[in-house]
S.K.: 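This structure is in structure tokens; I'll ask about it shortly.
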Amino acid sequence: MRTVTLPGGETVPALGQGTWYMGERRGDAEAEAQALRLGVDLGMTLIDTAEMYASGGAEEVVGQAVAGIRDQVFIVSKVLPQNASRSGVKAACERSLKRLRTDRIDLYLLHWQGGHPLAETIAAFEALRASGNIRYWGVSNFDTDDMAELASLPNGAACAANQVLYHPASRGIEFDLLPWCASQNIPVMAYSPLGHDVRRLLRSPALQAVARRHGATPAAVAIAWSMRSGTVISIPKAADPGHVRENATAATIALTDADLAEIDAAHPPPARKTGLDIL
Ligand SMILES: NC(=O)c1ccc[n+]([C@@H]2O[C@H](COP(=O)([O-])OP(=O)(O)OC[C@H]3O[C@@H](n4cnc5c(N)ncnc54)[C@H](OP(=O)(O)O)[C@@H]3O)[C@@H](O)[C@H]2O)c1
């Protein structure tokens, strides 16, 4: 599996698994956990979840999936902005740890910026790090100016990742956010690398043509594209085992200059700054 290096030097898989919409129905939990386990067996050992997903249900599915293999998995979870106060972060983390059935979250993200001062959230993250409840912390849905503000705060430079929307039809972050994060050695996590509404993106003739050349599928090409820089971690979500297997092949696809040019022609990179796309 290709890897991405965190600011502290630890490497994590460049291809992980999302969990949004898992844990919604109790009857699906076992199959969802099995899908995640299959993904882990195929090398996608980073799992992204959040207290928000199914109101904790997705974290419970992750807990089920990692039972007995916890040490093989890098767990990312997120705190909601309304819980991002000094005491709120601690309490939210304790609830998440219980649902995840673990003693530590590897990377804990602020899901998006809300009303609590960032400095307070950072202090709460640092306290959790000191007590061993989390190993790293980061943010999500932060644009370049938000990242610069974060970096200016005490311990703000300890941010280990920024998770944002990124797929061929949503490339705004390439204008200045991706370069800024790369300059600070902060990996970007690409969420919804299949566009969330997957049917629309997979209809792209450019992705289909590139996929044909590689004997791959348009989904695998879209995922390979999102992680092509070496500094981006892609986290497609798949509950269908066929999708999981297909997505795992993305790590083996090396896109050529001609492939990238064809994708650029159909899905152009940004020519100017645009607001951050958010789902
Ligand atoms: N930080 C944030 O604000 C934020 C926002 C959105 C998402 N995220 C994270 O990023 C993860 C991924 O994003 P996402 O779930 O929005 O969207 P996504 O990964 O782009 O797409 C997921 C959808 O694609 C389908 N799919 C997966 N692999 C496929 C394949 N090979 N062929 C065809 N369809 C396929 C899935 O179906 P099946 O499940 O049926 O396989 C599901 O319906 C989330 O699960 C979550 O962990 C974070």
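Atoms within each ligand, like the ligands themselves, are counted from 1 in listed order. Computed from a predicted model, the values in this text were never measured in an experiment.
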S.K.: Considering only heavy atoms, which of Arg245, Met189, His196 lies nearest to atom 21 (O) of ligand 1?
M.R.: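 Among Arg245, Met189, His196, the closest heavy atom to atom 21 (O) of ligand 1 belongs to His196.
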S.K.: Taking only residues at least two apart or on different chains, which pairs with a member in residues 10-19 satisfy side-chain hydrogen bond (donor to acceptor under 3.5 Å, both in side chains)?
M.R.: Glu10-Arg135, Glu10-Tyr136, Thr19-Thr49
S.K.: Counting heavy atoms only, which of Arg199, Gln163, Lys237 comes nearest to atom 15 (O) of ligand 1?
M.R.: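 Of the listed residues, Lys237 has the closest heavy atom.
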S.K.: For ligand 1, note which part of Leu165 has a heavy atom under 4.0 Å away: side chain, backbone, both or neither.
M.R.: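 Neither; nothing of Leu165 gets under 4.0 Å from ligand 1.
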S.K.: Can you find a non-hydrogen atom of Leu202 under 4.0 Å from ligand 1?
M.R.: yes
S.K.: Of the choices His111, His243, Met22, Glu32, which has the non-hydrogen atom that lies closest to atom 26 (N) of ligand 1?
M.R.: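 Nearest heavy atom to atom 26 (N) of ligand 1 lies in His243.
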S.K.: Salt bridge check: are Arg171 and Asp264 linked by an N-O gap of less than 4.0 Å?
M.R.: yes
S.K.: Check this for me - ligand 1, Lys78, N or O atoms closer than 3.5 angstrom, yes or no?
M.R.: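 N/O-N/O distance below 3.5 Å does not exist for this pair.
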S.K.: With a heavy-atom distance limit of 4.0 Å, tell me whether Tyr53 approaches ligand 1 through its side chain, its backbone, both, or neither.
M.R.: side chain
S.K.: Would Ile47 and Val40 count as a side chain to side chain contact (heavy atoms under 4.5 Å, CB included) here? Give the steps.
M.R.: CA-CA 9 Å; Ile47 300 181; Val40 169; 4.1 Å; yes
S.K.: For residues Trp180 and Phe175, establish whether the separation of their ring centroids is below 6.0 Å.
M.R.: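 Distance test on ring centres: not under 6.0 Å, no.
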S.K.: Counting non-hydrogen protein atoms only, what is the nearest one to atom 11 (C) of ligand 1? Give residue, atom name and distance.
M.R.: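 Sorting protein heavy atoms by distance from atom 11 (C) of ligand 1 puts Ile235 O, 3.2 Å first.
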S.K.: Any atoms of ligand 1 less than 4.0 Å from a non-hydrogen atom of Ala239? List them with their elements.
M.R.: 38 (P), 39 (O), 41 (O)
S.K.: Among all protein heavy atoms, pick out the one at the shortest distance from atom 3 (O) of ligand 1; state its residue, atom name and that distance to 0.1 Å.
M.R.: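 Sorting protein heavy atoms by distance from atom 3 (O) of ligand 1 puts Asn141 ND2, 3.0 Å first.
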S.K.: In terms of side-chain heavy atoms, does Gln34 have a donor or acceptor partner in Glu30 at a distance below 3.5 Å?
M.R.: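 Yes, side-chain donor-acceptor contact under 3.5 Å.
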S.K.: State whether the shortest distance between N or O atoms of Ser140 and N or O atoms of ligand 1 falls below 3.5 angstrom.
M.R.: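 Right, the criterion is met.
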S.K.: Does any N or O atom in Gly18 lie less than 3.5 angstrom from one in ligand 1, N or O only?
M.R.: no
S.K.: For atom 20 (O) of ligand 1, find the nearest protein heavy atom and state the residue, atom name and distance (0.1 Å precision).
M.R.: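 Its nearest protein heavy-atom neighbour is Leu194 N, 2.8 Å.
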S.K.: Return the closest protein heavy atom for atom 6 (C) of ligand 1 as residue, atom name and distance.
M.R.: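 Result for atom 6 (C) of ligand 1: Tyr191 CD1, 3.2 Å.
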S.K.: If you count the atoms of ligand 1 from 1 in the order shown, which ones are under 4.0 Å from a heavy atom of Pro236?
M.R.: 19 (O)
S.K.: Are any of the side-chain nitrogens in Asp197 or Arg199 under 4.0 Å away from the carboxylate oxygens of its partner?
M.R.: yes
S.K.: Which part of Asp240 is near ligand 1, with near meaning a heavy atom under 4.0 Å away: side chain, backbone, both or neither?
M.R.: both
S.K.: Please write down residue, atom name and distance for the protein heavy atom closest to atom 18 (P) of ligand 1.
M.R.: Ser192 CA, 3.8 Å
S.K.: Centre-to-centre under 6.0 Å for Trp225 and His167, is that the case here?
M.R.: no
S.K.: Identify the two heavy atoms, one from Pro81 and one from Gln113, that lie closest to each other, and give their separation to 0.1 Å.
M.R.: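 Pro81 and Gln113 have their closest heavy atoms at CB-C, 4.3 Å.
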S.K.: Does a side chain donor of either Asn83 or His116 reach within less than 3.5 Å of an acceptor in the other side chain?
M.R.: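 Judged by distance alone, the side chains do not pair up.
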S.K.: In terms of side-chain heavy atoms, does Asn141 have a donor or acceptor partner in Tyr191 at a distance below 3.5 Å?
M.R.: yes
S.K.: If you count the atoms of ligand 1 from 1 in the order shown, which ones are under 4.0 Å from a heavy atom of Gly195?
M.R.: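 It comes down to these atoms of ligand 1: 20 (O).
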S.K.: Are Val76 and Leu46 packed together at the side-chain level, in the sense that at least one heavy-atom pair is separated by less than 4.5 angstrom?
M.R.: yes
S.K.: What is the nearest protein non-hydrogen atom to atom 9 (C) of ligand 1, stated with its residue, atom name and distance?
M.R.: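 Here the nearest protein heavy atom works out to Asp48 OD2, 3.5 Å.
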S.K.: Among protein heavy atoms, which sits nearest to atom 31 (N) of ligand 1, and what does the distance come to when rounded to 0.1 Å?
M.R.: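 Of the protein heavy atoms, Asn247 OD1, 2.8 Å lies nearest.
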S.K.: Is it the side chain, the backbone, both or neither of Ala219 that has a heavy atom closer than 4.0 Å to ligand 1?
M.R.: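 It is the side chain that gets close, since no backbone atom is under 4.0 Å.
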S.K.: For atom 45 (O) of ligand 1, what is the nearest protein heavy atom, given as residue, atom name and distance?
M.R.: Trp20 N, 2.8 Å
S.K.: Within the 3.5 Å criterion, strictly below it, is a donor on Tyr166 or Glu174 matched to an acceptor on the partner's side chain?
M.R.: yes
S.K.: Is a donor from one side chain sitting under 3.5 angstrom from an acceptor on the other, for Gln72 and Thr45?
M.R.: no
S.K.: Just let me know how Ile278 lines up against ligand 1, side chain, backbone, both or neither, with a heavy-atom cut-off below 4.0 Å.
M.R.: neither
S.K.: Between Ile223 and Leu165, is there a shared hydrophobic cluster once you connect ILVMFWY residues whose side-chain heavy atoms come closer than 4.5 Å?
M.R.: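 No, Ile223 does not connect to Leu165 through the hydrophobic network.
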S.K.: Do any non-hydrogen protein atoms sit less than 4.0 Å from atom 41 (O) of ligand 1?
M.R.: yes
